[in-house]
Student: 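First the structure, then my questions, so here it is.
Lettering follows sequence order; numbering is per chain, from 1. Just so it is clear, the values below take in all heavy atoms, side chains as well, and ignore hydrogens, waters and symmetry mates.
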Protein chains: 4
Amino acid sequence: MAKARDTKTKTRIQREKTEEILAAALDIFSSAGFRGASINEISKRAGMSTPSLLYYFQSKEHIHRELLSRTLLVWLGPLNLMKDSDDPVEEICTYVRRKLEISEQFPRESRLFANEILMGIPRAEQSQFDPLRSIFDAKIALIESWVRDGRIAPVDPHHLMYSIWATTQHYADFESQIKELSPEKMGTLFRDAETHLVAMYRTMLVPNGPEASE
Amino acid sequence: MAKARDTKTKTRIQREKTEEILAAALDIFSSAGFRGASINEISKRAGMSTPSLLYYFQSKEHIHRELLSRTLLVWLGPLNLMKDSDDPVEEICTYVRRKLEISEQFPRESRLFANEILMGIPRAEQSQFDPLRSIFDAKIALIESWVRDGRIAPVDPHHLMYSIWATTQHYADFESQIKELSPEKMGTLFRDAETHLVAMYRTMLVPNGPEASE
Amino acid sequence: MAKARDTKTKTRIQREKTEEILAAALDIFSSAGFRGASINEISKRAGMSTPSLLYYFQSKEHIHRELLSRTLLVWLGPLNLMKDSDDPVEEICTYVRRKLEISEQFPRESRLFANEILMGIPRAEQSQFDPLRSIFDAKIALIESWVRDGRIAPVDPHHLMYSIWATTQHYADFESQIKELSPEKMGTLFRDAETHLVAMYRTMLVPNGPEASE
Amino acid sequence: MAKARDTKTKTRIQREKTEEILAAALDIFSSAGFRGASINEISKRAGMSTPSLLYYFQSKEHIHRELLSRTLLVWLGPLNLMKDSDDPVEEICTYVRRKLEISEQFPRESRLFANEILMGIPRAEQSQFDPLRSIFDAKIALIESWVRDGRIAPVDPHHLMYSIWATTQHYADFESQIKELSPEKMGTLFRDAETHLVAMYRTMLVPNGPEASE
DNA sequence: CATGAATGAGCTTTCATTCAT
DNA sequence: CATGAATGAAAGCTCATTCAT
């Protein structure tokens, strides 16, 4: 009845342990997948016994769920920042830049997220992805309005979004392949990627003058 | 001599069973990951006992290895077809189309492949990626020559390739996310994606400003 | 109904195959024990499929049983040759020599036999050891008569027999230990053993003259 | 840290369980051999679940290794006690008596040991026999010195040792055969064996012909 | 005769989880 | 709070054996 997970108000020590567990779990889950990870391994990396770990989290799934929730927040950060603007092309390019930065700084989170989707979103409850859905719809509407007003080139907003996600997340999710194929480019990978992607999306999105359209 | 896997020349029944196992294994591996998949589940789906399955494949790893090899062949198909051409922009656009078609027709293979890379390409499977490497280098050199000759817009060949892979594979690998976010678009997903991607890469690659085009 | 094991009259080919199987099985059983040996391994070494092997022998146990029977015959050979004689001491020494020769020439058989006894004679039916029992009793009686007549020194016939068996079989059964402890003596092992053992038993058995026998 | 086998300092319960497991394992290993024994059987006899057993010992091999180590200590006990002495013949006879006592009191250990050697001392366990080697060499040298000084009859020390081992261990290792052949002698088996063996080795080792004795 | 094919039973081991202290 | 102890379930895999051809 005194279990950490039952109380809303946590002591400092409880919060610290929770973070240590999540840090360890992120390492393991992101490099072995949910099924490939064992809570023994996680507890060992977190420097505690497995029963201790399960004192803080009801089950392996609960740890994973919490990690996924946090990852989603990180993931949504750049998207939340995309607002209507005087310069929609640059607004989108900024989104690309921020999204790429997330890949660079949170590659394990990106892989955790990718794995979840790759496996068909099996565990996460519908509800976990709800925030994403409503924000996504809003931003799609925003881009649609930009297109409608001729402020960016005509483009399918959904596929634009998917392209941005794909290209930016690729550098985190497929890092091992990139390392395998072009190890010599790793030093400036994210800088070059930014240059490349921003150029690509800018070229694509700059609207033709109304006279030259078509 | 006694076991199916020992013989080079397979009987009809061996070929059939082998294919049935691989089909079942592709289902399971692509939706559960290597560790998440159990050979019990695979054998059940293939309609045979687990020892029967192991009569045809030495181990779980051997099944996975074979699947990965075949997947790599499929994966390399479009890349192999990319050749020097009078119209390099269209050559690349054709590559994009073919790569997208692979995603549409072999989504499970794509996810198997993605999972492998996401998990960091475990050492055991590394050598399997060797053929990819040499073909990749050749095609990078080809694109470089097109850039050098001014036949396509200046672009970093590596990042162009990564972008193409990312954007085309996304439709297979992140399908569950797409279904979650825009179920109403699933009907024409790949057609729309093709339109979008081909437009994007064409815009990006056409060598000169619009005034000088053609 | 036509199975080889059912018919008493075997064709030449059947006899050959049977021998090949037994030769392979002796190798495996003697170096891995009954449980440690697998019929797959045996059939592979015999150069045939496992079902073929089981065509000639009903089961793993049947192979083992046949091997054990044959081994017993070999084992009994020297004992059978021990007869009443003018010089009982030499008769026993000759038995020692012959028994040692068996160890030298049939070490695998000796180990098979030893393993069976070590494991408590679990499989062999009572009946298999019956011939040994009656011959043993006869020879014990013979030795007893020699002792009674003062033709050899007073000795407990049972324990004399056990000593001879122990010391001669040791060179086959514990060969790996001897190799480990005195590899430099392996070259002349059996010659030295013979010298040593014959001297030991002769010293022990030579009767004191009647006047000196306390 | 979490597992019993990781800690150097064991709790009372750990020591107890460890001993229970080893007791059960000795029963099973000595009567079925390493391969023939299953940890399921061992855990059942020890009154615990198989995972519990594996909580105390990493693997089947580890249990066996520990048993073998302990057995070697018991085995070496009498040999260690053999020292230079005023009466080398009696010293050796005492060794024989002690060795025989070990066979009587630790027959399962003797069979475990014998089985290991019979199977050729699998590589994994080889290093465990190192202590035996050095002690053996020392005692061989001791006996050699006795021979050199004429304090015992000329004898090959290696073969003397092998004879002693063979004859004393025989009563443990081949017990089932003895029971089969002379059940009526089981009551006084070890007492008779001692009489017989001590007489045999004394006769053999007393340095001079009977005329000069004392 | 010979063997490819098939499988139930069993093997060693791992894992997520519970419980008592 | 923390952990030593315990286990049912399931994993990958081996094995002796059967059966149809």
Student: Where each pair must be Watson-Crick or G-U wobble with both distances under 3.5 Å, what dot-bracket representation of DNA chain E is obtained, with crossing pairs in [ ] and other-strand partners as |?
Tutor: .||||||||||||||||||||

Student: Tell me what A:Ser38 touches on the nucleic acid: a base, only sugar-phosphate, or nothing, going by heavy atoms under 4.0 Å.
Tutor: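 It contacts sugar-phosphate atoms only.
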
Student: Would the number of heavy atoms belonging to other residues, nucleotides or ligands and lying under 6.0 Å from CZ of D:Arg108 be above 12?
Tutor: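 Counting neighbours around CZ of D:Arg108, more than 12 heavy atoms of other residues, nucleotides or ligands fall under 6.0 Å, so yes.
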
Student: Does F:dG12 have OP1 or OP2 sitting under 4.0 Å from an N or O in the side chain of B:Ser59?
Tutor: no

Student: Side chain of C:Gln14, heavy atoms from C-beta onward: which of E:dA6, E:dC1, E:dA16 has the nearest atom to it?
Tutor: E:dC1

Student: Please report the interatomic distance OH(B:Tyr56) to CD(B:Glu20), rounded to the nearest 0.5 Å.
Tutor: 9.0 Å

Student: Phosphate oxygens OP1/OP2 of F:dG4: is one of them under 4.0 Å from a side-chain N or O of D:Tyr56?
Tutor: no

Student: Select from B:Phe34 and D:Ile13 the residue whose nearest nucleotide in DNA chain F is closer to the 5' end of that strand.
Tutor: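 Per heavy-atom nearest nucleotide, the more 5' residue is D:Ile13.
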
Student: F:dG4 P sits how many Å from D:Leu53 CG, rounded?
Tutor: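 Atom CG in D:Leu53 sits about 19 Å away from atom P in F:dG4.
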
Student: Residues in side-chain contact (heavy atoms from CB on, under 4.5 Å) with B:Pro107, at least two apart?
Tutor: B:Arg111, B:Ala172

Student: Please tell me which of B:Met48 and A:Ile39 maps to the more 5' nucleotide of DNA chain E, matching each residue to the nucleotide holding its nearest heavy atom.
Tutor: B:Met48

Student: Map C:Lys17 and B:Arg12 onto DNA chain E by nearest heavy atom, then report which one ends up closer to the 5' terminus.
Tutor: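 Nearer the 5' end of the strand: C:Lys17.
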
Student: Between P on E:dC11 and CD1 on D:Ile42, what's the gap in Å once rounded to a whole number?
Tutor: 11 Å

Student: Between A:Phe34 and A:His64, how do the two ring planes meet: parallel, tilted or perpendicular, split at 30° and 60°?
Tutor: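 Plane angle over 60°, so perpendicular.
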
Student: Please report, rounded to the nearest Å, how far the C1' atom of F:dC13 is from the CG atom of D:Asn40.
Tutor: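 After rounding, the reported distance stands at 15 Å.
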
Student: When rounded to the nearest 0.5 angstrom, what is the spacing between OG in B:Ser43 and CE in B:Met48?
Tutor: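 Atom-to-atom, B:Ser43:OG and B:Met48:CE are 8.0 Å apart.
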
Student: Taking the nucleotide of DNA chain F with the nearest heavy atom to each, does B:Glu61 or A:Pro51 sit closer to the 5' end?
Tutor: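 Going by which nucleotide is closer to the 5' end, it is A:Pro51.
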
Student: Any side-chain N or O of B:Ser52 under 4.0 Å from OP1/OP2 of E:dT7?
Tutor: yes

Student: Nearest to the side chain of B:Thr50, which nucleotide is it out of F:dC13, F:dT17, E:dC1?
Tutor: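 Side chain of B:Thr50 sits closest to F:dC13.
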
